[in-house]
Each structure stands twice: as structure tokens, then as C-alpha cells.
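These notes concern the structure reproduced below.
Remember, it's a predicted structure, so these values are computed and weren't measured experimentally.
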Amino acid sequence: MISLIRQIIIIFAISLIFTPLSGQESSVKPTPKAVNGIIDLRNWDFNQDGSLNLSGEWRFYWKQLLKSDDINKPKHSMMAGLFNIPGYWTGHEVDGKPISGHGYATFTLTVLLKNQIDAIALRVYEVQSAYTLYINDKVMMSNGTVGQTREQMIPQSFPKIAEFTPKGNQFEIILQTSNFHHRNGGPWTTIHVGTVDDIRESCLKDIAQELFLIGSFIIMALYHFGLFILRKEDKSSLYFGISCFLISMRLISISERFLLYLLPQLNWEVLSKWEYLSTYLAAPAFFMFMRALFPKELNRMVVYFMLLVTVILTGIVLLTPLAWFSYTMPVFELIIGVVGAYSIYILILAILRKREGASIFLVGFLIFFLTFVNDALYASGFVHTGYLAGLGLFVFIFSQAFLLSLRFSRAFSKIKTLSKELEINNKALANTNQLKDEFLSNMSHEFRTPMHGILSFSKFGIDRIDKTSKEKNLLYFNNINKSGKRLMVLLDDLLSLSSLETDTEDYKMEIVDILGLVQIAASNIEAICKERKIKIEIEKPSISTEIICDKFKIDQVIRNLLSNAVKFNPENRPIYIAFKSDELSQNWKSVLNTKVSAL
């Protein structure tokens, strides 16, 4: 919990660094507001108090395109009322009836100044969807062509600055505007006034910030595309790269409208399609990215639903004019709000299940989601904060970069751990090779014992073939036969190494007279004993010598013991063999017909 709080503080602090500064008054002095079509700036010093926005009550003339002379004539004093700028006129009541988003109107504002004032500047961001702005009776700026019908007007939207020097202690702003191409009409963004330097500086800050964000998104998109090319099994890099690229495409089509710098002849409706499509297509890519990171938490049906919504909305945008497809945005915003809330639930669930990076992802996503909600409200005219989703996404990308660096750090630590484990395994492998050598040495010893029996008795038979009786030669041949069989048993054991690899070995348990096994083993090495003048004496047992065991394996043990005894025993010293009983530490009956783990 403490680490999560720390992460929230870090990311929030970084987001404050990039908070938009444009359009904000530089003074804590109360900002004047327009009242009844007049804004009093006689106590406002632009040099000391900074710039301000001309928000408040403007005079509103519906279905009239007026100039200064027209407004001053009594016959043109048919004012429809007051209108709060910024805002859409859609739904505004004129003569007790709400008006539609399509139409034309004139807005006027009287600005009262000090007697002496230097040159000042106005900055207009966007008016839906064409306007002409007059200062007194002079045209200062325009966007598109204002008209009284759809055919007469040409829509356009581009941030502009007008510089002028007021004559006297007041001036009149007249804003003619028309809209027949969007669901909403009117001056929905703030109009700023201030010194020329302040307005230009504010404009440059906005441009620099947006260029920074656009460049960051494009770089992150290319970076994640590169990660996907190097590691195609990780689809999250691809989806996140697509999201970043589409958001960057959206940013160049809004606010400062950088796309119009690149393509100045671009049709306004095409620009709007670009903005809508980049927004709609980014949503499913982002949720596919979340699905790739948290597949067990995020239901795939949500992704399919977003893909279906995107296909439908994209088709509407491509096939219909802006006057129609602009109505899809509120639907999209509602869906994103619901799915976004569901995503927050998914991320909380991932945190509870201790998924790697879930807490960092949640912090970044919350900031991004809140800025997206702000953009939706701003585009609908409910708030006047400006577009912030780009900033929110940048903070989210930073959180993902932080998560990526954290994963790299953990991967490096894991590599160090694996390197140590590899070193240990290499040592174990060396020990295994040593054990293999010992095994081969033991096996050669096991083969040598019956081979000695075969060679010794065959040599006895060759040397004494004319001196010994038939019965004695038969004994030699029987011993050779037994040694050969013993050798075959060893070969069978060697070929059964596959059973050792599975850590199991079959034991054929039966009742065996161990005295007989000892006597046979002693007779098999009789020739060697005579060569070394060693006598094997077997004490007559006073107990039963019948045991339950695997006959061939216990015979191998006995032969190895006798062979080692003869090998390391001094010459002319006898070897004594005696029998003694002992109690087993466990019930020996449980060993019958079982598989014993191989050692």
C-alpha cells in the first residue's frame, strides 16, 4: 500500500510539471467577467495583471449577421438576449424556444479600458464552425466563410491572433458566426485578450507543449513497434504502439491544428473525420493492450464489444457528413465511460491478485481516464479547461516506461540469479561426470570378476586336460558356464539403465540360501586364490541361512566382497566367512513384490 501511494505521488508530481499553462491568468487578482454585454477592464493592468479571457454575458443576436453600424441603429436592436461565452448555442432559448445547433448569429461585447493603453492582442481558439471578428467596424480575423445557409458558408477552424491598438478608452468586439456542419454551433472556446507579448508567449507555450506530446507519442509508438518486431510473441507492445500512434494523429488534428500547417488546403470535414477516426480506433487498441497484460482479469468479450462499436462508428464516420456523424461522439463517450469504470475494477482486481505492474498501471490509467472525461466535457461545452487527454496519456506512457524499466531491472536480477544457478548446475554436472567415471570403473570391476572365473577355469582345463578326470573337467566347465551367465546378468543390468533414469529398479524377491551363494562365489575365484596362496574358510552356520532377496543382485554383492577381499588381502593369509542374524528396522515383508528406488 505504501509503495502504491509513493507511485501515485511520483506520477502526479510529474503530471503537474506538464500541466498546460496557456490561457491561465498570471495574477491572483479577481478576473473581471462580462455582464450584460460589457466587461470593465479599467482596473486591469495587462502589463502587471497579465492576460485574461473575455468570458461572461455577451449580447446575442440570433439569425442576424450585424456590423457596428447595424447594431447602433435602433431598428437593429432586436437582441435575442444574453449568451454566456464560451458555450454552444445548441439548446439556448430564444423567444422561449430552444434553438438547434444549425444557424447563424452575431455576438457583441463592449470592452472598457483605461484612458491610455498600448497595443493588445486577441486570441481565438475555435468557433463552430466559421466566424468573422470585428473590432469596432474593422475586420480583424476570420475563419472560413460565414453564411446564412449551408451552401453559402465554408467551415474552417484554426487558432488565430489579432493585434491592434484601441482608440480611446473602449472598443467593441463583434463576432459573426454560422454553423450548418456540426451538431453544435457557437464560440465554445474562450477568447483571450492581453499584451502582444503575453498572447504570443501563451501561443508558443501551447505549440511547444503539443509538439512535445506529439513527438513523445510518435517516439513511443516507434519504440514499441520495434519491441514487437524483436519479440513478436508479446502483442502488448504492438497494441500500445498503435494506441500511441493514433493518439498522436488525433493531437495534430485538434487544438493548434498542426495538420493544417502540413496540409493547408485540407477540407474541414476531412479534418473532422481524421479527428473522430483516430479517437475511435485508439480505444480498441488500448483495451487490447490491457487484455494482453491482464488476460485473466479482462474479459475478452469487452474487447470484442469495443471492436464492434469501433467498426460501427467508423463506418458511420466514413459514410456520412459531419452534420450526422458528429452525433456519434456522445455515444462513444458514454460507452468509454462505462468501459473505463469497468477497467478500473479490473485493475483493482489485478492488484489484489498481485499481478506485476498492476498498481503502476492503475495510477497512470486513472490520470489518463480523468483527462479523457475532461476532454469529453470540454468538447461538449460543459467545462472550459482545454484538451488534456494528451497530457493524461503522456503521464500514462511515463508510468508504462517506469514499469518497463522496473521489469528490465527485475529481468537483470533474474539473469544474475539464473547465472548463479547455472554455475551451480555446471558444478553438479562436473560431479555427475565424476560419478559416471566411477560408475564405469565399478562396472569394469563387475565385469572383471566373472571374466576372471571364465579365464581361470578355462586355463585350469587347458593345463590339466590330460591329468584331470572327467568329473573335474565337468566342474571346470560348470564354473565357466556360471561365470558366463553371471556376465550376461551384468550386461542385462547395464542395458537397463533406462530404469535407473526414471529412478526405479525392479527387484525379483524370492527365498534364497545365502550359504549356497557364498560357496559358489568362493569356488568361482578358487583359481585366483590358489595363485595368491589365499584360502577361503567358510564357517559352518549355526542359524538358518535362508533369506528373502533378489538372488542375482545379492549374488553380485557377495562376489564383489569376495573379489575385493582376495584383491586386497596379503598372500598366505586366509579369508574367514561367518554368518550372523540381525533384526530389520522395518517390516521386511513389505519389500516383497515392490519397486525400490534405485541408488
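- With a 4.5 Å cut-off on side-chain heavy atoms, Lys551 and Glu510 count as touching.
- Below 30°, between 30° and 60°, or above 60°: for Tyr280 and Phe332 the angle between ring planes is between 30° and 60°, a tilted geometry.
- Between Phe365 and Phe369, the angle of the ring planes stays under 30°, which puts this pair in the parallel group of the 30/60° scheme.
- Among pairs with a residue in residues 238-250, those fulfilling side chain to side chain donor-acceptor pair (under 3.5 Å) read Arg250-Thr279, at least two apart in sequence or across chains.
- Residues Thr314 and Tyr276 have side chains that never bring a donor and an acceptor to within less than 3.5 angstrom of each other.
- A donor-acceptor pair is defined here as one N or O able to donate and one able to accept, closer than 3.5 Å; such a pair exists between the side chain of Asn569 and the backbone of Arg573.
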Problem - Evaluation steps, salt bridge (charged side-chain N to carboxylate O under 4.0 Å, His left out), between Arg559 and Asp555 - result: CA-CA 6 Å; Arg559 290 174 184 274; Asp555 181 50; 2.8 Å; yes
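- In this structure, the separation between CH2 on Trp274 and OG on Ser253 is 8.0 Å, given to the nearest 0.5 Å.
- Contact annotation: the side chain of Glu275 never approaches that of Lys273 to less than 4.5 Å [non-hydrogen atoms, C-beta and beyond].
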Which donor-acceptor pairs under 3.5 Å do side chains of residues 534-545 form with protein atoms, sequence neighbours excluded?
{"residue": "Ser544", "atom": "OG", "partner": "Glu546", "partner atom": "N", "Å": "3.4"}
{"residue": "Thr545", "atom": "OG1", "partner": "Asp513", "partner atom": "OD1", "Å": "2.5"}

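- What you find for Met290 and Phe361 is that their closest heavy atoms are CG-CZ, 3.5 Å.
- Without hydrogens or angle criteria, Ser399 side chain to Phe396 main chain gives a donor-acceptor distance under 3.5 Å.
- Residues Pro574 and Tyr576 meet the side-chain proximity criterion, which asks for heavy atoms closer than 4.5 Å.
- The OG atom of Ser278 sits 10.0 Å away from the CZ atom of Phe245 when rounded to the nearest 0.5 Å.
- For Phe287 and Phe305, the distance between ring centers is not under 6.0 angstrom.
- Side-chain contact check for Met306 versus Ile336: some heavy-atom pair is nearer than 4.5 Å.
- Using the six-membered ring where Trp is involved, Phe240 and Phe289 have ring planes that are tilted, between 30° and 60° apart.
- Inter-residue side-chain proximity for Gln209 and Lys205 is flagged as unmet; no heavy-atom pair is nearer than 4.5 Å.
- Side-chain atoms of Ile577 and Leu562, non-hydrogen and from C-beta on, do get closer than 4.5 Å to each other.
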